[in-house]
Amino acid sequence: MDAFSAKEMAMKAQKKILSTMATKSSVQMFIDDTTSEILDELYRVSREYSGNKAEAQKVIKNLIKIAVKIGVLFRNNRFNTEEMVVAQEFKKKLHQGAMTAISFYEVDFTFDKAVMEELLTSCRDLLLKLVNTHLTPKSHGRINHVFNHYSDPELLTKLYEPGGPFRPHLTKICKGLNKLVEDGTI
């Protein structure tokens with residue numbers, strides 16, 4: 001007998017459609033306004049740091065695609081018990097990363113690029129473990145692309161430079177992160 005599943009087919013279609021339509025308007029059901037504002041600031045940081053608009057857009061588009069795909073998987077209860085444990089570990093690590101980012105921002109000259117780089121690398125590894133059997137190698141590459149980009153020690157150093165050119169962006173990013181932490185989103 002055929003192993004056809006309408007639910008499985010619908011989920012694959014959702015992932016495929018959303019991966020091709022990763023624009024601000026099409027993902028609002030998965031990404032709230034605060035997160036959208038943070039993404040806008042991350043885009044500006046990437047664009048100004050790299051000097052490459054296309055690369056900055058690609059990083060953010062990859063980030064959005066991954067977030068949406070994981071949202072689809074979660075909403076369709078695709079993660080087993082072990083994967084839900086990994087998801088909780090990821091959420092804890094993401095929360096720790098947000099709190100650390102905010103703390104480094106609030107207290108000048110406390111920034112430690114090795115700490116931030118390690119937190120981002122841990123988040124990446126947990127995320128890859130979570131989606132290992134659910135997403136394609138291309139999506140795994142997107143995860144690596146995003147995390148490798150934002151864990152770049154030079155980028156992080158410029159971002160946290162007191163009085164540096166990225167300070168206004170960091171201020172908005174940390175305000176957004178603070179709101180997400182307070183709301184319990186991360």
Side-chain angles (χ1 to χ4, degrees), residues 22-25 27-28 30-68 70-71 86-131 140-186:
T23 62
K24 203 172 186 178
S25 60
V27 295
Q28 292 224 311
F30 291 99
I31 298 176
D32 62 27
D33 289 341
T34 304
T35 304
S36 186
E37 290 166 12
I38 292 170
L39 292 173
D40 287 344
E41 292 306 319
L42 287 172
Y43 164 75
R44 289 180 187 107
V45 166
S46 295
R47 188 187 66 213
E48 290 175 29
Y49 176 73
S50 69
N52 185 336
K53 182 180 176 181
E55 176 61 20
Q57 287 175 338
K58 185 175 180 181
V59 170
I60 295 300
K61 192 171 188 174
N62 283 344
L63 199 160
I64 291 169
K65 283 182 178 184
I66 293 304
V68 168
I70 291 170
V86 174
Q88 286 303 315
E89 286 178 47
F90 173 74
K91 188 173 180 183
K92 273 188 200 172
K93 190 59 80 171
L94 191 61
H95 178 83
Q96 180 187 359
M99 295 300 290
T100 303
I102 293 165
S103 174
F104 285 158
Y105 162 73
E106 290 176 344
V107 184
D108 283 346
F109 304 106
T110 58
F111 172 69
D112 184 338
K113 65 182 169 192
V115 169
M116 200 56 141
E117 189 178 2
E118 191 278 324
L119 282 167
L120 289 168
T121 301
S122 294
C123 282
R124 180 200 64 205
D125 294 345
L126 286 168
L127 196 56
L128 285 169
K129 185 176 178 182
L130 175 65
V131 301
H140 294 183
R142 287 186 177 113
I143 292 170
N144 282 316
H145 180 233
V146 169
F147 279 94
N148 292 344
H149 178 78
Y150 287 111
S151 65
D152 176 353
E154 285 182 40
L155 171 63
L156 290 170
T157 301
K158 279 200 175 258
L159 184 62
Y160 278 93
E161 188 179 295
F166 297 134
R167 195 66 177 189
H169 302 305
L170 182 62
T171 299
K172 291 176 184 172
I173 290 167
C174 288
K175 280 184 182 177
L177 288 174
N178 216 359
K179 185 175 182 334
L180 293 178
V181 167
E182 286 172 5
D183 294 348
T185 306
I186 57 172

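Atoms considered below: every heavy atom in the structure, side chains included; atoms not considered: hydrogens, waters and symmetry mates. This is a predicted model, so every value here is computed, not measured.
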### Task
List for me each residue that meets salt bridge (Lys or Arg N to Asp or Glu O under 4.0 Å) alongside Asp108, sequence neighbours excluded, and say none if there are none.
Arg167

#### Entry: Sequence neighbours excluded, every pair satisfying salt bridge (charged side-chain N to carboxylate O under 4.0 Å, His left out) that has a member inside residues 112-124
none

### Query
side chain to side chain contact (heavy atoms under 4.5 Å, CB included) with Val131: which residues, sequence neighbours excluded?
Ile70, Leu135, His140, Ile143

### Query
Side-chain contact, heavy-atom cut-off 4.5 Å: His145 with Glu55?
yes

### Task
Could you list the residues that satisfy salt bridge (Lys or Arg N to Asp or Glu O under 4.0 Å) with Arg47, not counting sequence neighbours?
none

### Interatomic distance, Met116 atom CE to Phe111 atom CZ [nearest 0.5 angstrom]
6.5 Å

Please table the atom pairs, donor to acceptor, closer than 3.5 Å between any side-chain atom in residues 91-105 and protein atoms at least two apart or in another chain.
from, atom 1, to, atom 2, distance (Å)
His95, ND1, Ile186, O, 3.0
Thr100, OG1, Gln96, O, 2.7
Tyr105, OH, Thr171, OG1, 3.1

### Message
Please enumerate all residues that pass side-chain hydrogen bond (donor to acceptor under 3.5 Å, both in side chains) together with Tyr49, with sequence neighbours excluded.
### Response
Asp152

### From CG (Leu156) to CD (Glu154), nearest 0.5 Å
10.5 Å

#### Entry: Distance, nearest 0.5 Å, that separates OG1 of Thr34 from CG of Leu177
10.0 Å

### Task
Kindly compute the distance separating OG (Ser46) from NZ (Lys58), expressed to the nearest 0.5 Å.
13.0 Å

## Note on the structure
Hits for side-chain hydrogen bond (donor to acceptor under 3.5 Å, both in side chains) against Glu37, two or more places apart or cross-chain, chain-then-number order -> none

### Task
For the residue pair Ile60 and Asp40, establish whether any side-chain heavy-atom pair is separated by less than 4.5 Å.
no

### Message
Which residues pass the side chain to side chain contact (heavy atoms under 4.5 Å, CB included) test with Glu89, not counting sequence neighbours?
### Response
Val85, Leu126

#### Entry: Minimal non-hydrogen separation, Phe147 against Leu120, with atom names
CD2-O, 3.3 Å

### Message
Which heavy atom of Leu170 sits nearest to which heavy atom of Leu159, and what is that distance?
### Response
CD2-O, 3.4 Å

### Message
Closer than 3.5 angstrom, by distance alone: can the side chain of Asn178 be matched with the main-chain N or O of Cys174 as a donor-acceptor pair?
### Response
no

### Query
Can you pull the salt bridge (charged side-chain N to carboxylate O under 4.0 Å, His left out) pairs that have at least one residue in residues 176-186, sequence neighbours excluded?
Lys179-Asp183

### Task
For Tyr160, enumerate each residue passing the side-chain hydrogen bond (donor to acceptor under 3.5 Å, both in side chains) test, keeping only those at least two apart in sequence or located in another chain.
none

### Heavy-atom check, side chain of Ile66 versus side chain of Leu127, under 4.5 Å
yes

#### Entry: Reported NE2-to-CG distance for the pair His149 and Leu42, which is rounded to 0.5 angstrom
8.5 Å

### Task
Identify, with sequence neighbours excluded, every residue that meets side chain to side chain contact (heavy atoms under 4.5 Å, CB included) alongside Glu48.
Arg44, Phe166, His169

### Summary
Value for CG (Leu63) from CG (Leu39), rounded to nearest 0.5 Å, stands at 5.5 Å

